[in-house]
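Accompanying notes for the structure given below.
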Amino acid sequence: MAWSFRLIFAASLLLTLLKKAAQLVKQHDIKYIRIYDSNIQVLKAFAKSGVELMIGVPNSDLLAFSQFQSNVDTWLNNSVLPYYPSTKITYITVGAELTEAPKNTSSLVVKAMKNVLTALKKAGLHKKIKVSSTHSLGVLSRSFPPSAGAFSSHYAYFLKPMLEFLAENQSPFMVDIYPYYAYQDSPTNVSLDYALFQSSSEVIDPNTGLLYTNMFDAQIDALYFALMALNFRTIKVMVTETGWPSKGSPKEKAATPDNAQIFNTNLIHHVINDTGTPAKPREELDVYIFSLFNENRKPGLESERNWGLFYPGGTSVYNLDFTGKSVTEMSSGGNGTNSTRTSWCIASSNATEADLKNALNWACGPGNVDCTPIQPSQPCYEPNNLVSHASYAFNSYYQQNGATDVACDFGGAGLKVTKDPSYDKCIYMTAGGKKTSAAGNMSAAPSTAIPIQRHTTLVPWIAVGLFSSLLL
């Protein structure tokens, strides 16, 4: 069995970031990618790569796509066919989360989907490229217990013909599922462990007797029961977005690197083991994790910018077992020392001032280390010298990138140690973004620290997916 990331690129994707994404796709043996549009640069980048793409028709194009078949034919001929089959396109999503969009274009979506299918039939590709649309869980009026799952009557005018279209063409019902928001919105009713696949107890569906150990399965089964209630028993559910943020505002206490690591690791394990859900045991499950990169200019709460597995420069936000062979048992709270990591990275006292300055600037800039703690009035600002500040930044980069020897090199300016360098309220990270308990202070040669400004780049949306089916 195998799983794979699926990426979602915005049309404004920077070329340098596209190259970085392509490198990550190859490095992690990613076989499936999703993009929200039909960006030509992305299609070209993955030509002859063996990677399968899901491309999208944005909501803004639905009016034109629903009005005239010629508009769709032109789009397919100009934006898709020139790159196919060199770039392997397998799905086209028409619209995204229309019930959540500011402008409700849901009345246009089914006609647009039919026109896309007609264009594919003209090209002889309707059996090779599937057409669907993505939804939020807002399409449901009820989701608990799962057996009572039901679609909202407010959306019947477009959902019923869409479901008929999906069933007729053997296309999946695509949905974005976020247990994080279920917990965040109702922490008194949803336990954190239940949202993170770590619950030691079970939730019983009183109507079916089915036992649920996690929110993810319960949400998927609510959709299956909603489909069955309308007599659509052959449509498969595909999760086009899920994930967990690694950082949030003070009110978003569950958005931490540990929780993000726990959720995604357990999700991968759950998917590739083909355990299915209580209502659909052993059913293959296709899932997209959102997202590949953090989005540091995305508006909204702090968590909105921190769903990524990687920083824009390609370094890991936290360690993640891509194989799915292990299930993390990490605690969702506390700052205890991680027993599996016994090394830290600090600045070498033999490094020159110039080398330390350059390495510190790089770590806090392109290296995407959060250097806020070494700014004035912050817990790691004192002692105010270059070696101390560089040590904190070096270690953060080291831990975020797997605690490998290479991650502590810094051109020879880094030094691995086995004694925790934390002191007073300055807590040094361990693997996965955890902070250790305070320990004795490491000696540091006096020098002059230079102010650091966080490096920012414009990054696109990228979602990531798991594929439980065999790769052929």
Euclidean distance, [Y] [atom2] relative to [X] [atom1], rounded to 0.5 Å:
{"X": "Ser107", "Y": "Leu62", "atom1": "OG", "atom2": "CG", "answer": "9.5 Å"}
{"X": "His126", "Y": "Ile129", "atom1": "NE2", "atom2": "CD1", "answer": "11.5 Å"}
{"X": "Leu125", "Y": "Thr90", "atom1": "CG", "atom2": "OG1", "answer": "12.0 Å"}
{"X": "Leu43", "Y": "Thr87", "atom1": "CG", "atom2": "OG1", "answer": "5.5 Å"}
{"X": "Asp221", "Y": "Thr208", "atom1": "CG", "atom2": "OG1", "answer": "8.5 Å"}
{"X": "Ser316", "Y": "Leu309", "atom1": "OG", "atom2": "CG", "answer": "8.0 Å"}

Any [X] side-chain heavy atom under 4.5 Å of [Y] side chain:
{"X": "Val175", "Y": "Val237", "result": "yes"}
{"X": "Ile235", "Y": "Leu163", "result": "yes"}
{"X": "Met174", "Y": "Met54", "result": "yes"}
{"X": "Thr93", "Y": "Ile55", "result": "no"}
{"X": "Val369", "Y": "Thr315", "result": "no"}
{"X": "Phe310", "Y": "Asn294", "result": "no"}
{"X": "Phe158", "Y": "Leu108", "result": "no"}
{"X": "Asn59", "Y": "Glu97", "result": "no"}

Stepwise side-chain contact (heavy atoms from CB on, under 4.5 Å) check, Asn259 with Ile262: CA-CA 5 Å; Asn259 287 343; Ile262 291 168; 4.2 Å; yes
Partner residues of Phe151 under the ring pair (Phe, Tyr, Trp, His ring centres under 6.0 Å) criterion, sequence neighbours left out: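 Scan of Phe151 (ring pair (Phe, Tyr, Trp, His ring centres under 6.0 Å), adjacent residues dropped) gives Phe173.
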Heavy-atom closest pair, residues [X] and [Y]:
{"X": "Met238", "Y": "Pro172", "result": "CB-CB, 4.0 Å"}
{"X": "Cys408", "Y": "Tyr398", "result": "CB-CD1, 3.5 Å"}
{"X": "Leu210", "Y": "Pro278", "result": "CD2-O, 3.7 Å"}
{"X": "Pro58", "Y": "Gly56", "result": "CD-O, 3.7 Å"}
{"X": "Arg142", "Y": "Ala148", "result": "NE-O, 3.2 Å"}
{"X": "Met113", "Y": "Leu166", "result": "CE-CD2, 4.1 Å"}

Can [X] and [Y] be counted as having a side-chain donor-acceptor contact under 3.5 angstrom?
{"X": "Gln399", "Y": "Asn395", "value": "yes"}
{"X": "Ser106", "Y": "Tyr157", "value": "yes"}
{"X": "Asp258", "Y": "Tyr318", "value": "no"}
{"X": "Ser147", "Y": "Asn207", "value": "yes"}
{"X": "Glu241", "Y": "Tyr178", "value": "yes"}

Tyr311/Gln400 under side-chain contact (heavy atoms from CB on, under 4.5 Å): CA gap, chis, key distance, verdict: CA-CA 10 Å; Tyr311 295 106; Gln400 289 171 184; 3.4 Å; yes
Please check if the side chain of [X] supplies one atom and the backbone of [Y] the other of a donor-acceptor pair under 3.5 Å.
{"X": "Gln184", "Y": "Lys251", "value": "yes"}
{"X": "Thr242", "Y": "Ile177", "value": "yes"}
{"X": "Thr256", "Y": "Ser246", "value": "no"}
{"X": "Thr265", "Y": "Gln261", "value": "yes"}
{"X": "Ser133", "Y": "Val94", "value": "yes"}
{"X": "Asn115", "Y": "Phe65", "value": "yes"}
{"X": "Asn306", "Y": "Glu302", "value": "yes"}
{"X": "Asn77", "Y": "Asp73", "value": "yes"}
{"X": "Asn169", "Y": "Phe165", "value": "yes"}
{"X": "Asn214", "Y": "Tyr194", "value": "no"}

Verdict with supporting geometry, Ser136 and Thr99, side-chain contact (heavy atoms from CB on, under 4.5 Å): CA-CA 8 Å; Ser136 74; Thr99 57; 3.8 Å; yes
Side chain to side chain donor-acceptor pair (under 3.5 Å) assessment of Ser303 paired with Glu252: CA-CA 8 Å; Ser303 62; Glu252 300 175 294; 2.5 Å; yes
Residues that Ser49 engages under side-chain contact (heavy atoms from CB on, under 4.5 Å), provided they are two or more places apart: Phe46, Val51
For atom [atom1] of [X], decide whether the heavy atoms of other residues, nucleotides or ligands shown that lie under 6.0 angstrom number more than 12.
{"X": "Gln170", "atom1": "CD", "result": "no"}
{"X": "Lys114", "atom1": "NZ", "result": "no"}
{"X": "Lys122", "atom1": "NZ", "result": "yes"}
{"X": "Leu211", "atom1": "CG", "result": "yes"}

Tyr397 ring center within less than 6.0 Å of Phe410 ring center: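 Yes: the rings meet the under 6.0 Å criterion.
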Check: Phe293 ring centroid to Trp307 ring centroid under 6.0 Å: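 Not close enough - the centres of the two rings lie 6.0 Å or further apart.
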Inter- and intrachain pairs under ring pair (Phe, Tyr, Trp, His ring centres under 6.0 Å), touching residues 213-244, at least two apart: Tyr180-Trp244, Phe197-Phe216, Trp244-Phe263
Side chain to side chain donor-acceptor pair (under 3.5 Å) between Asp176 and Tyr288, worked out: CA-CA 9 Å; Asp176 302 338; Tyr288 292 80; over 6 Å; no
Residue pair Asp217, His270: steps toward the side-chain contact (heavy atoms from CB on, under 4.5 Å) verdict: CA-CA 10 Å; Asp217 283 353; His270 184 59; 2.8 Å; yes
Verdict with reasoning, Tyr91 to Ser171, per side chain to side chain donor-acceptor pair (under 3.5 Å): CA-CA 9 Å; Tyr91 287 96; Ser171 293; over 6 Å; no
Lys/Arg-Asp/Glu bridge criterion (N-O < 4.0 Å) met for Lys88, Glu52: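 The answer is yes: the pair qualifies as a salt bridge.
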Carboxylate-amine/guanidinium proximity below 4.0 Å for Glu283 and Lys280: no
Chi angles and distances behind the salt bridge (charged side-chain N to carboxylate O under 4.0 Å, His left out) call for Glu295, Arg305: CA-CA 5 Å; Glu295 305 172 72; Arg305 295 179 283 280; over 6 Å; no
